[in-house]
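As the structure lists them, so they are numbered: ligands from 1, and atoms in each ligand from 1. Being a predicted model, the structure only gives us computed values, none of them experimental.
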Amino acid sequence: MKILLVEDEEGLVITLTDRLVSEGFDVVAARDGKEGFEAAQGGSFDIIILDVMLPKKNGYDICRDLRQKEIRVPILMLTAKGETIDKVLGLKLGADDYLTKPFEMIELLARIEALLRRVPAQHANGNGNGLDGFRFGLVTVDFKRAEVARNELPIELSAMEFKLLQFLIENRGHVHSRDHLLDAVWGYDAMPSTRTVDVHIAWLRQKLEENPRHPVFIQTVHGLGYKFAG
Ligand code: CA
């Protein structure tokens with residue numbers, strides 16, 4: 001998952017980048033509006049975090065111009081305290097959400113997760129599966145709404161857990177190495193180690209399997225990786 005961070009406050013860039021990278025995101029930072037606008041057009045980002053007050057080109061103009069160019073990447077705008085009217089303007093110009101500085105990191109992460117989950121399920125090129133939903137055991141997955149339920153009760157999955165589950169289901173029956181899953185789900189330039197994959201697999205099992213210690217669906221293939229059997 002690739003994030004473009006357009007922010008001119010160096011301290012904030014460092015803090016946010018560190019934290020986002022540790023959460024498994026791949027972060028590209030742009031320090032002014034012009035650089036940010038160019039990066040947004042060129043790269044394939046999953047989300048853009050966009051400061052409003054920027055040198056060279058402000059956040060509103062970036063947002064408006066990106067939308068005019070049909071670039072639909074979710075945009076989370078960062079506004080300074082007291083810019084209430086500006087938030088409305090940002091949303092009108094095509095931003096998806098906003099956050100007022102100063103904010104708690106946990107709040108930012110929650111907004112990012114929410115935006116990532118709102119994006120319609122992307123079906124990776126090649127497998128052409130295009131599933132709307134899937135059932136296994138007591139679990140139902142609604143790909144369009146990004147919702148998962150077990151025994152009719154909603155299950156909270158993080159954006160990464162959901163993406164991982166979706167990838168496994170769409171490519172069920174195949175064995176995927178940890179490296180391959182990192183590439184496919186987290187993205188090529190992602191920093192996290194293969195340990196990240198194991199942790200997310202463990203969480204998915206905890207939430208979805210009848211007996212997480214003896215998983216029926218999310219299986220380990222020893223020495224090779226994981227596969228979804230269903
Ligand atoms: Ca600024």
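No side-chain heavy atom of Leu66 sits under 4.5 Å from any side-chain heavy atom of Val73. With a 4.5 Å cut-off on side-chain heavy atoms, Phe37 and Asp65 count as touching.
Here the closest non-hydrogen pair linking Leu99 and Leu76 is N-CD1, 4.3 Å.
Closest N/O/S atom of Asp8 to the Ca ion (ligand 1): OD1. Looking only at N/O/S atoms, Asp51 comes nearest to the Ca ion (ligand 1) through OD2.
The pair Glu156-Lys207 does not meet the salt-bridge criterion, since no charged nitrogen lies less than 4.0 angstrom from a carboxylate oxygen.
Inclusion of Glu9 in the first shell of the Ca ion (ligand 1) is not supported: no N, O or S atom falls under 3.0 Å.
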